[in-house]
Amino acid sequence: MKKFLGVMAVSSMVLLSACSGGGSTSSENAAEGGGSGETVTLKVGHTLADTSHYQEGMVKFQELVTEKTGGSVEIEVFPNGSLGGERDMIEGLGVGSVDMVLTSTGPMSGFVPEVTVVDLPFLFRDEEHAHKVLDGEIGTELGKKVEDTMGVKTLAWWENGFRNVTTASTAIEKPEDLKGIKIRTMESDIHMDSFSAMGAQPTPMAFTELFTALQQGTIDAEENPVPVIMTSRFYEVQDHLTMTRHFYNPSLLLMSQSKFDALTPEQQTAIEEAAKEAGVYERQVVQDMEKQYIEELKGNGMQVIENPDLEPFKAAVQSVYEKYEPQFGKELIDEIRNTQ
Ligand code: EAX
């Protein structure tokens with residue numbers, strides 16, 4: 001995979017500089033690196049709305065990159081899946097069609113299964129617990145695993161948030177209420193196994209196809225963090241929300257290794273610092289939005305169950321731990337759980 005990505009990236013670099021499209025280099029700014037004094041423009045894609053937490057984080061990232069590089073590097077943001085779904089964009093890192101992608105860990109099971117240990121249901125107590133793990137040794141090692149396996153640069157851990165169930169017409173108070181419900185999940189084996197264990201019928205699907213599928217009724221339900229449900233207007237096609245917080249969903253800001261290597265050392269440091277600082281900012285945006293948007297979703301007609309009894313849901317997914325413990329190792333799972 002690394003050798004393949006390396007080759008593809010080099011060939012795309014050549015292609016890109018030949019046709020001087022996105023990610024290419026053009027005009028003046030010698031002061032802050034940019035050895036050749038040209039401004040480097042880097043394209044970053046994500047799937048969420050231009051009012052989302054991802055976008056707010058990206059605007060902060062843009063500002064910080066411009067500031068820290070004195071304008072020698074510019075970030076161009078492509079929201080709304082305009083560069084494709086998360087899996088497409090991750091693949092695009094290899095072929096040079098995408099310079100950077102902000103992706104949730106869901107689709108990573110197709111690329112670096114080890115990193116999906118963080119997707120286990122009810123693994124994290126709260127955001128603080130998750131941040132402690134991801135900003136610590138475990139998060140660093142998982143980020144390194146992505147780099148070593150895919151030959152891309154892991155810039156930072158951002159946040160999508162705790163995921164909750166929404167449905168078109170069924171109030172979900174206990175796992176039995178999910179029986180036979182056709183629910184969309186991300187392209188994640190753990191997510192699909194968790195909903196099968198709760199009795200639902202999971203359908204993996206790219207985010208870019210989700211709203212239409214809900215609108216047409218080919219699926220009954222989906223699950224996402226509150227800021228996504230609000231900014232992607234799922235309240236228009238779903239009437240019920242239960243705050244199950246069943247998965248904590250981190251996001252990875254990944255960059256093409258060859259694009260990173262083409263920068264000066266000063267620019268590389270600036271990008272890495274900006275990615276981390278904007279990530280801290282973005283996490284706060286998620287929490288602020290969650291507080292604000294639960295009331296707004298009610299105002300938009302959604303029936304919200306804010307404090308369901310989660311014990312029956314946790315009990316229903318124990319089989320998922322039995323299945324994946326051998327893959328990830330009980331030690332790592334316990335280490336994550338016991339992180340204070
Ligand atoms: O990462 O696919 C999803 O449901 C995600 O929340 C979305 O792509 C953002």
Side-chain angles (χ1 to χ4, degrees), residues 44-58 61 77-93 98 100-111 115-116 118-119 121 127 130 134 146 154-167 182-192 194-195 200 202-215 219-235 237-238 241 243-254 278-279 282-283 285-287 289-290 293 297:
V44 56
H46 70 82
T47 55
L48 295 183
D50 49 18
T51 53
S52 67
H53 44 300
Y54 278 8
Q55 185 69 13
E56 287 207 23
M58 275 298 149
F61 181 53
V77 185
F78 292 80
N80 292 310
S82 48
L83 296 180
E86 290 183 335
R87 196 154 48 83
D88 304 333
M89 289 192 282
I90 296 168
E91 282 162 1
L93 285 175
V98 177
M100 290 183 189
V101 57
L102 180 60
T103 176
S104 67
T105 44
M108 293 300 289
S109 53
F111 300 90
V115 83
T116 62
V118 296
D119 290 344
E127 285 83 355
L134 295 173
V146 172
T154 302
L155 291 175
W157 287 100
W158 288 23
E159 180 168 278
N160 195 13
F162 277 95
R163 301 177 75 91
N164 309 289
V165 172
T166 69
T167 68
K182 279 189 282 179
I183 187 164
R184 176 268 178 177
T185 67
M186 289 194 286
E187 295 139 308
S188 156
D189 303 334
I190 292 177
H191 286 197
M192 290 173 66
S194 300
F195 278 100
T203 302
M205 185 187 291
F207 187 79
T208 43
E209 298 158 30
L210 178 50
F211 191 90
T212 308
L214 292 168
Q215 206 171 33
I219 49 170
D220 312 314
E222 65 87 42
E223 43 88 50
N224 251 295
V226 165
V228 176
I229 298 166
M230 183 69 194
T231 57
S232 292
R233 297 178 294 107
F234 288 164
Y235 52 83
V237 286
Q238 300 272 272
L241 162 63
M243 300 295 290
T244 44
R245 295 169 67 86
H246 49 271
F247 301 127
Y248 170 76
N249 198 203
S251 307
L252 281 162
L253 183 54
L254 302 175
E282 189 264 354
R283 285 172 173 173
V285 170
V286 174
Q287 293 183 37
M289 281 187 171
E290 178 158 305
Y293 288 160
L297 288 171

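Just follow the structure's listing: the first ligand is 1, and inside any ligand the first atom is 1.
Using a 4.0 Å cut-off between heavy atoms, E86 contacts ligand 1 through its side chain alone, with no backbone atom that close. At a 4.0 Å heavy-atom cut-off, ligand 1 touches R163 through the side chain alone. No part of T103 comes within 4.0 Å of ligand 1, judged by heavy-atom distances. Residue contacts with ligand 1 for L48 involve side-chain atoms from C-beta outward but no N, CA, C or O (heavy atoms, distance under 4.0 Å).
The aromatic rings of F234 and F207 sit tilted, their planes meeting at an angle between 30° and 60°.
If you take CG on N80 and OG on S232, they are separated by 8.0 Å, rounding to the nearest 0.5 Å.
Near N160, meaning under 4.0 Å from any of its heavy atoms, are these atoms of ligand 1: 1 (O), 5 (C), 6 (O), 9 (C). Near S104, meaning under 4.0 Å from any of its heavy atoms, are these atoms of ligand 1: 1 (O). Near Y54, with a cut-off below 4.0 Å to any heavy atom, the atoms of ligand 1 are 1 (O), 9 (C).
Using a 4.5 Å heavy-atom cutoff, the side chains of T154 and L253 are not in contact.
Residue, atom and distance of the protein heavy atom nearest to atom 7 (C) of ligand 1 are T47 OG1, 3.5 Å. Closest protein heavy atom to atom 4 (O) of ligand 1: R184 NH1, 2.7 Å.
Using a 4.0 Å heavy-atom cutoff, E222 is absent from the residues neighbouring ligand 1.
Not less than 6.0 angstrom separates the ring centroid of H246 from the ring centroid of F162. Taking the six-membered ring where the residue is Trp, the centroids of H46 and F78 are separated by 6.0 Å or more.
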(request) Go through the steps for E127 and R245 under the test salt bridge (Lys or Arg N to Asp or Glu O under 4.0 Å), then give the verdict. (result) CA-CA 11 Å; E127 285 83 355; R245 295 169 67 86; 3.3 Å; yes
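Geometrically, R163 does not engage Y248 in a cation-pi contact defined by less than 6.0 Å to the ring centre and at most 45° from the axis.
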